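Because the structure is predicted, anything quoted here is derived from the model rather than measured. First the proteins, then the strands, lettered A, B, ... as listed; each starts at 1.
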Number of protein chains: 2
Amino acid sequence: MMSDDVVPSLPSQRALGDLVTDVLREMITGARFQPGQHLKETELAEALKVSRGPIRQALARLEEEGHVELRRHRGAFVSTLTKTDVEEVHTLRGAIERLAVSRACTRMQGRGFAEMDAVLEQMKSVDTKIVPEDAVRLDLQFHDIIYAYCDHARVQRVWESIRGQVTVFLRARNASFPDFLDVGYSEHKELRDALALGDPQAAQDGIDKHILGAYERLKRLNLPDR
Amino acid sequence: MMSDDVVPSLPSQRALGDLVTDVLREMITGARFQPGQHLKETELAEALKVSRGPIRQALARLEEEGHVELRRHRGAFVSTLTKTDVEEVHTLRGAIERLAVSRACTRMQGRGFAEMDAVLEQMKSVDTKIVPEDAVRLDLQFHDIIYAYCDHARVQRVWESIRGQVTVFLRARNASFPDFLDVGYSEHKELRDALALGDPQAAQDGIDKHILGAYERLKRLNLPDR
DNA sequence: TATCTGTAGATTGTAAACAGTAAGTCATTG
DNA sequence: CAATGACTTACTGTTTACAATCTACAGATA
(Lines give C-alpha, C1' and ligand atoms only; values in the text may rest on other atoms or scores of the structure.)
Protein backbone atom coordinates (compact mmCIF):
# COMPACT_ATOMS: atom_id res chain seq x y z
CA MET A 1 0.00 0.00 0.00
CA MET A 2 2.72 2.48 0.92
CA SER A 3 5.42 0.48 -0.81
CA ASP A 4 5.45 2.00 -4.27
CA ASP A 5 6.42 -0.92 -6.42
CA VAL A 6 8.33 -0.02 -9.51
CA VAL A 7 5.72 -2.06 -11.28
CA PRO A 8 2.57 -0.80 -9.69
CA SER A 9 0.63 -3.21 -11.83
CA LEU A 10 0.17 -6.87 -11.17
CA PRO A 11 -3.14 -5.08 -11.45
CA SER A 12 -4.67 -7.88 -9.48
CA GLN A 13 -5.93 -9.48 -12.61
CA ARG A 14 -6.13 -12.36 -10.17
CA ALA A 15 -7.66 -12.09 -6.77
CA LEU A 16 -5.33 -11.54 -3.87
CA GLY A 17 -6.63 -14.65 -2.22
CA ASP A 18 -5.42 -16.73 -5.15
CA LEU A 19 -1.95 -15.27 -4.89
CA VAL A 20 -1.87 -16.00 -1.18
CA THR A 21 -2.98 -19.56 -1.91
CA ASP A 22 -0.04 -20.04 -4.24
CA VAL A 23 2.42 -18.58 -1.78
CA LEU A 24 1.22 -20.68 1.13
CA ARG A 25 1.02 -23.81 -1.00
CA GLU A 26 4.59 -23.33 -2.05
CA MET A 27 5.67 -22.76 1.54
CA ILE A 28 3.96 -25.92 2.69
CA THR A 29 5.05 -28.18 -0.14
CA GLY A 30 8.52 -26.69 0.18
CA ALA A 31 8.61 -27.76 3.82
CA ARG A 32 8.89 -24.21 5.08
CA PHE A 33 6.39 -25.21 7.76
CA GLN A 34 6.53 -28.17 10.10
CA PRO A 35 3.86 -30.86 9.73
CA GLY A 36 1.27 -30.28 12.41
CA GLN A 37 2.27 -26.65 12.79
CA HIS A 38 -0.49 -24.29 13.77
CA LEU A 39 -0.93 -21.61 11.12
CA LYS A 40 -2.55 -18.57 12.71
CA GLU A 41 -4.51 -16.26 10.46
CA THR A 42 -3.24 -13.12 12.14
CA GLU A 43 0.40 -14.11 11.86
CA LEU A 44 0.05 -15.09 8.22
CA ALA A 45 -1.83 -11.89 7.51
CA GLU A 46 0.83 -9.57 8.84
CA ALA A 47 3.63 -11.71 7.44
CA LEU A 48 2.18 -11.44 3.94
CA LYS A 49 0.95 -7.87 4.41
CA VAL A 50 -2.67 -8.65 3.65
CA SER A 51 -5.79 -8.85 5.75
CA ARG A 52 -7.33 -11.99 7.13
CA GLY A 53 -9.89 -12.19 4.36
CA PRO A 54 -7.60 -13.48 1.64
CA ILE A 55 -5.84 -15.66 4.21
CA ARG A 56 -9.08 -17.39 5.12
CA GLN A 57 -9.89 -17.89 1.46
CA ALA A 58 -6.46 -19.41 0.89
CA LEU A 59 -6.67 -21.72 3.89
CA ALA A 60 -10.05 -22.98 2.72
CA ARG A 61 -8.55 -23.81 -0.67
CA LEU A 62 -5.53 -25.49 0.87
CA GLU A 63 -7.79 -27.56 3.05
CA GLU A 64 -9.50 -28.88 -0.07
CA GLU A 65 -6.13 -29.67 -1.53
CA GLY A 66 -5.23 -31.58 1.61
CA HIS A 67 -2.35 -29.38 2.63
CA VAL A 68 -3.88 -28.20 5.88
CA GLU A 69 -6.53 -29.44 8.26
CA LEU A 70 -9.16 -27.00 9.49
CA ARG A 71 -10.62 -27.51 12.92
CA ARG A 72 -13.47 -25.37 14.09
CA HIS A 73 -12.39 -22.60 16.42
CA ARG A 74 -8.91 -24.06 16.44
CA GLY A 75 -7.61 -23.01 13.09
CA ALA A 76 -5.41 -24.46 10.39
CA PHE A 77 -2.80 -27.13 10.97
CA VAL A 78 -0.27 -28.28 8.42
CA SER A 79 -1.19 -31.81 7.32
CA THR A 80 1.01 -34.73 8.14
CA LEU A 81 1.32 -37.02 5.15
CA THR A 82 0.55 -40.65 5.80
CA LYS A 83 0.54 -43.88 3.86
CA THR A 84 -3.21 -43.47 3.62
CA ASP A 85 -2.73 -40.13 1.87
CA VAL A 86 -0.34 -41.66 -0.61
CA GLU A 87 -2.81 -44.43 -1.34
CA GLU A 88 -5.77 -42.09 -1.70
CA VAL A 89 -4.00 -39.59 -3.90
CA HIS A 90 -2.69 -42.26 -6.21
CA THR A 91 -5.84 -44.31 -6.54
CA LEU A 92 -7.84 -41.16 -7.21
CA ARG A 93 -5.25 -39.95 -9.64
CA GLY A 94 -5.33 -43.28 -11.42
CA ALA A 95 -9.10 -43.07 -11.74
CA ILE A 96 -9.23 -39.60 -13.24
CA GLU A 97 -6.10 -39.82 -15.35
CA ARG A 98 -7.53 -42.96 -16.90
CA LEU A 99 -10.45 -40.89 -18.04
CA ALA A 100 -8.16 -38.06 -19.03
CA VAL A 101 -5.96 -40.10 -21.35
CA SER A 102 -8.91 -41.82 -22.98
CA ARG A 103 -10.11 -38.40 -24.06
CA ALA A 104 -6.77 -36.76 -24.64
CA CYS A 105 -5.42 -39.43 -26.96
CA THR A 106 -7.99 -38.52 -29.58
CA ARG A 107 -7.79 -34.78 -29.03
CA MET A 108 -4.10 -34.02 -28.76
CA GLN A 109 -3.50 -34.08 -32.50
CA GLY A 110 -0.11 -32.92 -33.67
CA ARG A 111 0.17 -29.94 -31.38
CA GLY A 112 -0.34 -31.86 -28.17
CA PHE A 113 2.24 -34.46 -29.06
CA ALA A 114 4.66 -31.75 -30.03
CA GLU A 115 4.32 -30.26 -26.56
CA MET A 116 4.87 -33.67 -25.03
CA ASP A 117 7.91 -34.32 -27.15
CA ALA A 118 9.39 -31.02 -26.06
CA VAL A 119 9.07 -32.10 -22.44
CA LEU A 120 10.43 -35.55 -23.21
CA GLU A 121 13.41 -33.98 -24.93
CA GLN A 122 14.20 -32.05 -21.76
CA MET A 123 13.81 -35.16 -19.65
CA LYS A 124 16.38 -36.84 -21.78
CA SER A 125 18.84 -33.98 -21.92
CA VAL A 126 18.62 -32.44 -18.46
CA ASP A 127 20.65 -34.17 -15.80
CA THR A 128 18.00 -34.52 -13.16
CA LYS A 129 20.50 -35.98 -10.73
CA ILE A 130 22.09 -32.58 -10.47
CA VAL A 131 18.83 -30.69 -10.11
CA PRO A 132 16.20 -33.15 -8.89
CA GLU A 133 13.64 -30.39 -8.82
CA ASP A 134 13.76 -30.40 -12.61
CA ALA A 135 12.60 -33.99 -12.62
CA VAL A 136 9.56 -33.03 -10.59
CA ARG A 137 8.79 -30.05 -12.79
CA LEU A 138 9.05 -32.00 -16.02
CA ASP A 139 7.04 -34.90 -14.69
CA LEU A 140 4.21 -32.56 -13.75
CA GLN A 141 4.47 -30.69 -17.03
CA PHE A 142 4.03 -33.93 -18.94
CA HIS A 143 0.86 -34.82 -17.11
CA ASP A 144 -0.44 -31.28 -17.23
CA ILE A 145 -0.50 -31.65 -20.99
CA ILE A 146 -2.72 -34.70 -20.72
CA TYR A 147 -5.16 -32.86 -18.50
CA ALA A 148 -5.11 -29.80 -20.69
CA TYR A 149 -6.03 -31.78 -23.82
CA CYS A 150 -8.61 -34.02 -22.22
CA ASP A 151 -10.93 -31.04 -22.48
CA HIS A 152 -12.79 -31.72 -19.25
CA ALA A 153 -13.08 -28.84 -16.81
CA ARG A 154 -14.12 -31.00 -13.87
CA VAL A 155 -11.34 -33.52 -14.31
CA GLN A 156 -8.94 -30.61 -14.62
CA ARG A 157 -10.20 -29.25 -11.33
CA VAL A 158 -9.80 -32.56 -9.52
CA TRP A 159 -6.27 -32.81 -10.86
CA GLU A 160 -5.51 -29.35 -9.55
CA SER A 161 -6.84 -30.35 -6.17
CA ILE A 162 -4.33 -33.21 -5.85
CA ARG A 163 -1.51 -31.79 -7.94
CA GLY A 164 0.14 -30.15 -4.94
CA GLN A 165 0.24 -33.38 -3.00
CA VAL A 166 1.57 -35.26 -5.99
CA THR A 167 4.34 -32.68 -6.05
CA VAL A 168 5.16 -33.40 -2.44
CA PHE A 169 5.28 -37.13 -3.08
CA LEU A 170 7.51 -36.76 -6.12
CA ARG A 171 9.94 -34.61 -4.17
CA ALA A 172 9.97 -37.07 -1.29
CA ARG A 173 10.60 -39.92 -3.67
CA ASN A 174 13.50 -38.14 -5.31
CA ALA A 175 15.00 -37.40 -1.93
CA SER A 176 14.72 -40.99 -0.77
CA PHE A 177 15.46 -42.87 -3.99
CA PRO A 178 17.72 -40.84 -6.28
CA ASP A 179 18.13 -44.00 -8.37
CA PHE A 180 14.77 -43.45 -9.98
CA LEU A 181 15.74 -40.10 -11.35
CA ASP A 182 16.72 -41.50 -14.71
CA VAL A 183 13.75 -43.71 -15.48
CA GLY A 184 11.64 -40.60 -16.02
CA TYR A 185 12.28 -40.34 -19.72
CA SER A 186 11.74 -43.96 -20.69
CA GLU A 187 8.55 -44.37 -18.70
CA HIS A 188 6.98 -41.23 -20.07
CA LYS A 189 8.12 -42.00 -23.58
CA GLU A 190 6.36 -45.34 -23.31
CA LEU A 191 3.18 -43.62 -22.20
CA ARG A 192 3.46 -41.08 -24.98
CA ASP A 193 3.67 -43.86 -27.54
CA ALA A 194 0.63 -45.56 -26.08
CA LEU A 195 -1.31 -42.33 -26.41
CA ALA A 196 -0.11 -41.86 -29.97
CA LEU A 197 -2.01 -44.97 -31.01
CA GLY A 198 -5.13 -42.89 -30.65
CA ASP A 199 -6.96 -45.78 -29.04
CA PRO A 200 -8.67 -44.96 -25.72
CA GLN A 201 -8.28 -48.53 -24.48
CA ALA A 202 -4.58 -48.62 -25.21
CA ALA A 203 -4.17 -45.25 -23.57
CA GLN A 204 -5.91 -46.48 -20.45
CA ASP A 205 -3.73 -49.56 -20.26
CA GLY A 206 -0.70 -47.33 -20.63
CA ILE A 207 -1.68 -45.02 -17.83
CA ASP A 208 -2.63 -47.89 -15.52
CA LYS A 209 0.86 -49.25 -15.87
CA HIS A 210 2.41 -45.83 -15.46
CA ILE A 211 0.55 -44.89 -12.31
CA LEU A 212 0.94 -48.33 -10.81
CA GLY A 213 4.70 -48.08 -11.21
CA ALA A 214 4.80 -44.70 -9.55
CA TYR A 215 2.65 -45.93 -6.69
CA GLU A 216 4.71 -49.04 -6.07
CA ARG A 217 7.77 -46.88 -5.56
CA LEU A 218 6.02 -44.44 -3.27
CA LYS A 219 4.77 -47.19 -1.04
CA ARG A 220 8.34 -47.78 -0.01
CA LEU A 221 8.58 -44.32 1.44
CA ASN A 222 8.84 -44.33 5.18
CA LEU A 223 5.67 -42.56 6.26
CA PRO A 224 3.42 -42.84 9.31
CA ASP A 225 0.43 -45.13 8.88
CA ARG A 226 -2.04 -42.44 9.77
CA MET B 1 -29.67 -11.89 15.82
CA MET B 2 -32.77 -10.26 17.28
CA SER B 3 -35.10 -13.02 16.13
CA ASP B 4 -35.31 -15.25 19.17
CA ASP B 5 -35.83 -18.66 17.68
CA VAL B 6 -37.96 -20.96 19.71
CA VAL B 7 -35.19 -23.47 19.30
CA PRO B 8 -32.15 -21.44 20.25
CA SER B 9 -29.97 -24.43 19.58
CA LEU B 10 -28.56 -25.40 16.25
CA PRO B 11 -25.99 -23.26 18.07
CA SER B 12 -24.00 -23.15 14.88
CA GLN B 13 -22.26 -26.36 15.66
CA ARG B 14 -21.61 -25.99 11.98
CA ALA B 15 -20.22 -22.84 10.49
CA LEU B 16 -22.74 -20.34 9.28
CA GLY B 17 -21.23 -20.46 5.82
CA ASP B 18 -21.97 -24.16 5.55
CA LEU B 19 -25.60 -23.62 6.42
CA VAL B 20 -25.84 -20.88 3.83
CA THR B 21 -24.26 -23.20 1.29
CA ASP B 22 -26.94 -25.81 1.90
CA VAL B 23 -29.72 -23.27 1.69
CA LEU B 24 -28.49 -21.76 -1.56
CA ARG B 25 -27.74 -25.15 -3.09
CA GLU B 26 -31.26 -26.27 -2.37
CA MET B 27 -32.66 -23.08 -3.85
CA ILE B 28 -30.64 -23.50 -7.02
CA THR B 29 -31.23 -27.21 -7.53
CA GLY B 30 -34.85 -26.66 -6.67
CA ALA B 31 -35.09 -24.11 -9.48
CA ARG B 32 -35.94 -21.25 -7.14
CA PHE B 33 -33.54 -19.18 -9.23
CA GLN B 34 -33.49 -18.75 -12.98
CA PRO B 35 -30.50 -20.12 -14.88
CA GLY B 36 -28.24 -17.19 -15.62
CA GLN B 37 -29.71 -15.12 -12.81
CA HIS B 38 -27.35 -12.67 -11.15
CA LEU B 39 -26.97 -13.47 -7.47
CA LYS B 40 -25.82 -10.37 -5.63
CA GLU B 41 -24.00 -10.83 -2.37
CA THR B 42 -25.72 -7.93 -0.70
CA GLU B 43 -29.20 -9.12 -1.59
CA LEU B 44 -28.50 -12.67 -0.45
CA ALA B 45 -26.95 -11.35 2.75
CA GLU B 46 -29.96 -9.36 3.80
CA ALA B 47 -32.37 -12.00 2.59
CA LEU B 48 -30.73 -14.64 4.76
CA LYS B 49 -29.98 -12.24 7.60
CA VAL B 50 -26.26 -12.85 7.57
CA SER B 51 -23.31 -10.78 6.52
CA ARG B 52 -21.49 -11.05 3.24
CA GLY B 53 -18.72 -13.21 4.67
CA PRO B 54 -20.64 -16.47 4.90
CA ILE B 55 -22.31 -15.64 1.57
CA ARG B 56 -18.96 -15.37 -0.15
CA GLN B 57 -17.86 -18.63 1.38
CA ALA B 58 -21.02 -20.32 0.17
CA LEU B 59 -20.75 -18.93 -3.35
CA ALA B 60 -17.16 -20.13 -3.57
CA ARG B 61 -18.29 -23.62 -2.61
CA LEU B 62 -21.19 -23.58 -5.05
CA GLU B 63 -18.85 -22.49 -7.79
CA GLU B 64 -16.74 -25.57 -7.17
CA GLU B 65 -19.86 -27.67 -7.32
CA GLY B 66 -20.75 -26.12 -10.64
CA HIS B 67 -23.97 -24.49 -9.48
CA VAL B 68 -22.87 -20.93 -10.07
CA GLU B 69 -20.30 -19.18 -12.20
CA LEU B 70 -18.14 -16.52 -10.59
CA ARG B 71 -16.95 -13.66 -12.75
CA ARG B 72 -14.55 -11.17 -11.30
CA HIS B 73 -16.22 -7.90 -10.43
CA ARG B 74 -19.43 -9.13 -11.92
CA GLY B 75 -20.55 -11.56 -9.29
CA ALA B 76 -22.23 -14.95 -9.19
CA PHE B 77 -24.51 -16.22 -11.93
CA VAL B 78 -26.64 -19.33 -11.73
CA SER B 79 -25.17 -21.92 -14.08
CA THR B 80 -27.02 -22.99 -17.18
CA LEU B 81 -26.77 -26.74 -17.59
CA THR B 82 -25.55 -27.90 -20.95
CA LYS B 83 -24.96 -31.18 -22.71
CA THR B 84 -21.29 -30.66 -21.94
CA ASP B 85 -22.08 -30.53 -18.23
CA VAL B 86 -24.04 -33.75 -18.44
CA GLU B 87 -21.18 -35.42 -20.22
CA GLU B 88 -18.54 -34.14 -17.81
CA VAL B 89 -20.44 -34.99 -14.68
CA HIS B 90 -21.22 -38.49 -15.85
CA THR B 91 -17.79 -39.37 -17.18
CA LEU B 92 -16.20 -38.07 -14.00
CA ARG B 93 -18.73 -39.87 -11.90
CA GLY B 94 -18.07 -43.06 -13.83
CA ALA B 95 -14.36 -42.73 -13.18
CA ILE B 96 -14.57 -42.22 -9.44
CA GLU B 97 -17.47 -44.55 -8.78
CA ARG B 98 -15.52 -47.27 -10.54
CA LEU B 99 -12.81 -46.80 -7.95
CA ALA B 100 -15.39 -46.52 -5.20
CA VAL B 101 -17.12 -49.84 -5.91
CA SER B 102 -13.85 -51.69 -6.30
CA ARG B 103 -13.04 -50.70 -2.73
CA ALA B 104 -16.53 -50.83 -1.28
CA CYS B 105 -17.32 -54.35 -2.47
CA THR B 106 -14.71 -55.77 -0.13
CA ARG B 107 -15.46 -53.43 2.75
CA MET B 108 -19.22 -53.31 2.96
CA GLN B 109 -19.52 -56.60 4.81
CA GLY B 110 -22.93 -57.47 6.14
CA ARG B 111 -23.79 -54.06 7.48
CA GLY B 112 -23.25 -52.23 4.22
CA PHE B 113 -25.39 -54.64 2.25
CA ALA B 114 -28.07 -54.45 4.89
CA GLU B 115 -28.19 -50.68 4.38
CA MET B 116 -28.40 -51.17 0.64
CA ASP B 117 -31.16 -53.72 0.94
CA ALA B 118 -33.15 -51.32 3.08
CA VAL B 119 -32.96 -48.74 0.31
CA LEU B 120 -33.79 -51.34 -2.35
CA GLU B 121 -36.80 -52.39 -0.35
CA GLN B 122 -38.10 -48.84 -0.40
CA MET B 123 -37.44 -48.56 -4.12
CA LYS B 124 -39.62 -51.58 -4.63
CA SER B 125 -42.41 -50.57 -2.32
CA VAL B 126 -42.67 -46.83 -2.78
CA ASP B 127 -44.63 -45.70 -5.78
CA THR B 128 -42.18 -43.29 -7.24
CA LYS B 129 -44.61 -42.29 -9.93
CA ILE B 130 -46.65 -40.55 -7.30
CA VAL B 131 -43.72 -38.84 -5.64
CA PRO B 132 -40.89 -38.71 -8.17
CA GLU B 133 -38.74 -36.89 -5.66
CA ASP B 134 -38.58 -40.14 -3.70
CA ALA B 135 -36.94 -41.82 -6.68
CA VAL B 136 -34.23 -39.19 -6.66
CA ARG B 137 -33.69 -39.44 -2.94
CA LEU B 138 -33.45 -43.22 -2.93
CA ASP B 139 -31.17 -43.29 -5.94
CA LEU B 140 -28.76 -40.92 -4.21
CA GLN B 141 -29.02 -42.80 -0.93
CA PHE B 142 -28.01 -46.00 -2.67
CA HIS B 143 -24.89 -44.48 -4.14
CA ASP B 144 -24.08 -42.60 -0.95
CA ILE B 145 -23.68 -45.98 0.69
CA ILE B 146 -21.09 -46.99 -1.88
CA TYR B 147 -19.10 -43.84 -1.29
CA ALA B 148 -19.39 -44.17 2.46
CA TYR B 149 -18.00 -47.70 2.46
CA CYS B 150 -15.25 -47.13 -0.08
CA ASP B 151 -13.35 -45.52 2.78
CA HIS B 152 -11.67 -42.87 0.67
CA ALA B 153 -11.95 -39.29 1.87
CA ARG B 154 -10.85 -37.75 -1.42
CA VAL B 155 -13.23 -39.77 -3.55
CA GLN B 156 -15.97 -38.89 -1.10
CA ARG B 157 -15.15 -35.22 -1.54
CA VAL B 158 -15.25 -35.41 -5.34
CA TRP B 159 -18.60 -37.16 -5.12
CA GLU B 160 -19.91 -34.40 -2.89
CA SER B 161 -18.71 -31.86 -5.42
CA ILE B 162 -20.84 -33.36 -8.21
CA ARG B 163 -23.66 -34.81 -6.14
CA GLY B 164 -25.74 -31.66 -6.41
CA GLN B 165 -25.54 -31.64 -10.18
CA VAL B 166 -26.38 -35.32 -10.34
CA THR B 167 -29.45 -34.44 -8.31
CA VAL B 168 -30.45 -31.85 -10.87
CA PHE B 169 -30.03 -34.30 -13.71
CA LEU B 170 -32.05 -37.00 -12.00
CA ARG B 171 -34.88 -34.58 -11.37
CA ALA B 172 -34.78 -33.38 -14.96
CA ARG B 173 -34.85 -36.95 -16.21
CA ASN B 174 -37.83 -37.82 -14.05
CA ALA B 175 -39.66 -34.78 -15.29
CA SER B 176 -38.99 -35.55 -18.94
CA PHE B 177 -39.22 -39.33 -18.91
CA PRO B 178 -41.55 -40.58 -16.20
CA ASP B 179 -41.36 -44.02 -17.84
CA PHE B 180 -38.00 -44.64 -16.24
CA LEU B 181 -39.32 -44.25 -12.75
CA ASP B 182 -39.84 -47.95 -12.29
CA VAL B 183 -36.55 -49.32 -13.55
CA GLY B 184 -34.86 -47.94 -10.45
CA TYR B 185 -35.23 -51.03 -8.37
CA SER B 186 -34.12 -53.61 -10.90
CA GLU B 187 -31.08 -51.71 -12.04
CA HIS B 188 -29.85 -51.06 -8.54
CA LYS B 189 -30.60 -54.60 -7.46
CA GLU B 190 -28.43 -55.81 -10.31
CA LEU B 191 -25.61 -53.57 -9.17
CA ARG B 192 -26.01 -54.68 -5.60
CA ASP B 193 -25.66 -58.32 -6.64
CA ALA B 194 -22.54 -57.51 -8.62
CA LEU B 195 -21.02 -55.89 -5.55
CA ALA B 196 -22.00 -58.84 -3.39
CA LEU B 197 -19.61 -61.05 -5.36
CA GLY B 198 -16.84 -59.27 -3.52
CA ASP B 199 -14.78 -59.11 -6.69
CA PRO B 200 -13.46 -55.64 -7.58
CA GLN B 201 -13.44 -56.44 -11.29
CA ALA B 202 -17.03 -57.63 -11.28
CA ALA B 203 -18.02 -54.57 -9.29
CA GLN B 204 -16.37 -52.29 -11.82
CA ASP B 205 -18.11 -54.00 -14.70
CA GLY B 206 -21.39 -53.60 -12.86
CA ILE B 207 -20.95 -49.90 -12.26
CA ASP B 208 -19.78 -49.27 -15.83
CA LYS B 209 -23.03 -50.72 -17.09
CA HIS B 210 -25.07 -48.86 -14.50
CA ILE B 211 -23.57 -45.44 -15.18
CA LEU B 212 -23.61 -45.95 -18.92
CA GLY B 213 -27.32 -46.67 -18.81
CA ALA B 214 -28.01 -43.57 -16.78
CA TYR B 215 -25.94 -41.45 -19.14
CA GLU B 216 -27.60 -42.79 -22.27
CA ARG B 217 -30.94 -41.67 -20.92
CA LEU B 218 -29.75 -38.27 -19.89
CA LYS B 219 -28.29 -37.59 -23.30
CA ARG B 220 -31.82 -37.50 -24.63
CA LEU B 221 -32.65 -34.54 -22.45
CA ASN B 222 -33.19 -31.41 -24.40
CA LEU B 223 -30.40 -29.17 -23.20
CA PRO B 224 -28.36 -26.42 -24.85
CA ASP B 225 -25.07 -27.53 -26.34
CA ARG B 226 -23.05 -25.07 -24.36
C1' DT C 1 -25.77 6.20 -37.97
C1' DA C 2 -22.10 3.97 -35.78
C1' DT C 3 -18.24 4.30 -32.77
C1' DC C 4 -15.72 6.07 -29.18
C1' DT C 5 -15.26 8.24 -24.73
C1' DG C 6 -16.44 9.84 -20.30
C1' DT C 7 -19.16 9.57 -16.33
C1' DA C 8 -22.20 7.47 -13.06
C1' DG C 9 -23.68 3.62 -10.71
C1' DA C 10 -23.24 -0.59 -8.54
C1' DT C 11 -20.64 -4.51 -7.03
C1' DT C 12 -16.85 -6.87 -5.56
C1' DG C 13 -12.32 -7.02 -3.05
C1' DT C 14 -10.14 -5.67 1.15
C1' DA C 15 -9.44 -4.10 5.84
C1' DA C 16 -10.44 -3.64 10.57
C1' DA C 17 -13.42 -4.07 14.66
C1' DC C 18 -16.41 -7.11 17.46
C1' DA C 19 -18.14 -11.34 19.68
C1' DG C 20 -18.15 -16.17 20.79
C1' DT C 21 -15.81 -20.44 21.72
C1' DA C 22 -12.37 -23.81 22.91
C1' DA C 23 -8.19 -25.01 25.04
C1' DG C 24 -4.89 -24.38 28.69
C1' DT C 25 -3.75 -22.96 33.45
C1' DC C 26 -4.04 -22.49 38.11
C1' DA C 27 -6.24 -22.87 42.31
C1' DT C 28 -9.02 -25.51 45.32
C1' DT C 29 -10.88 -29.58 47.37
C1' DG C 30 -11.52 -34.46 48.39
C1' DC D 1 -1.32 -35.91 45.70
C1' DA D 2 -4.74 -36.26 42.23
C1' DA D 3 -8.84 -34.62 40.23
C1' DT D 4 -12.12 -31.29 39.32
C1' DG D 5 -13.62 -26.81 38.55
C1' DA D 6 -13.59 -21.95 37.15
C1' DC D 7 -10.87 -18.52 34.93
C1' DT D 8 -7.93 -16.54 31.57
C1' DT D 9 -6.20 -16.13 27.13
C1' DA D 10 -5.95 -16.28 22.41
C1' DC D 11 -7.77 -17.77 18.58
C1' DT D 12 -11.44 -18.14 15.02
C1' DG D 13 -16.19 -16.82 13.20
C1' DT D 14 -18.80 -12.91 12.05
C1' DT D 15 -20.04 -8.31 11.22
C1' DT D 16 -19.35 -3.74 9.58
C1' DA D 17 -17.09 -0.17 6.95
C1' DC D 18 -14.11 1.40 3.16
C1' DA D 19 -11.84 1.46 -1.38
C1' DA D 20 -10.88 -0.14 -5.97
C1' DT D 21 -12.71 -1.98 -10.04
C1' DC D 22 -15.78 -3.00 -13.64
C1' DT D 23 -20.03 -2.42 -16.43
C1' DA D 24 -23.49 0.14 -18.57
C1' DC D 25 -25.43 4.07 -20.37
C1' DA D 26 -25.45 8.52 -22.37
C1' DG D 27 -23.58 11.95 -25.16
C1' DA D 28 -20.43 13.70 -28.49
C1' DT D 29 -18.02 13.18 -32.74
C1' DA D 30 -16.67 11.40 -37.19
Touch class at under 4.0 angstrom, heavy-atom based, for Leu70(B) against every strand present: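 Nothing: the residue Leu70(B), judged by heavy atoms under 4.0 Å, touches no strand.
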Touch class at under 4.0 angstrom, heavy-atom based, for Gly75(B) against every strand present: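 Sugar-phosphate, backbone atoms only, no base.
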Rounded to the nearest angstrom, tell me the gap between atom [atom1] in [X] and atom [atom2] in [N].
| X | N | atom1 | atom2 | answer |
| --- | --- | --- | --- | --- |
| Asp18(B) | dG13(D) | CG | P | 10 Å |
| Arg72(A) | dG20(C) | CZ | P | 13 Å |
| His38(A) | dA22(C) | NE2 | C1' | 11 Å |
| Lys49(B) | dT15(D) | NZ | C1' | 15 Å |
| Arg56(B) | dG13(D) | CZ | P | 16 Å |
| Leu48(B) | dT15(D) | CG | P | 11 Å |
| Glu41(B) | dT12(C) | CD | C1' | 6 Å |
| Gln37(A) | dC11(D) | CD | P | 13 Å |

Answer yes or no: does a side-chain N or O of [X] lie under 4.0 Å from OP1 or OP2 of [N]?
| X | N | value |
| --- | --- | --- |
| Arg52(A) | dA15(C) | no |
| Arg74(B) | dT11(C) | no |
| Ser51(A) | dT14(C) | no |

Over 12 non-hydrogen atoms of neighbours within 6.0 angstrom of CZ in Arg32(A):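 At most 12 heavy atoms, drawn from other residues, nucleotides or ligands, come within 6.0 Å of this atom.
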CD/Gln34(B): more than 12 non-hydrogen atoms of other groups inside 6.0 Å: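 12 or below, so no.
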5′-ward residue of the pair Glu43(B)/Gly17(A) relative to DNA chain C: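 Its nearest nucleotide lies further toward 5', so the answer is Glu43(B).
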Asp22(B): partners by salt bridge (charged side-chain N to carboxylate O under 4.0 Å, His left out), with sequence neighbours left out: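 Testing Asp22(B) for salt bridge (charged side-chain N to carboxylate O under 4.0 Å, His left out), a comparison that skips the adjacent residues, returns Arg14(B), Arg25(B).
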Parallel, tilted or perpendicular: rings of Tyr215(B) and His90(B) (30°, 60°):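 Parallel.
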Of the listed nucleotides dA15(C), dG20(C), dT15(D), the one nearest the side chain of Pro54(B):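 Closest of the options to the side chain of Pro54(B): dT15(D).
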From OH (Tyr149(A)) to CE (Met108(A)), nearest 0.5 Å: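 Reported to 0.5 Å precision, the distance equals 7.0 Å.
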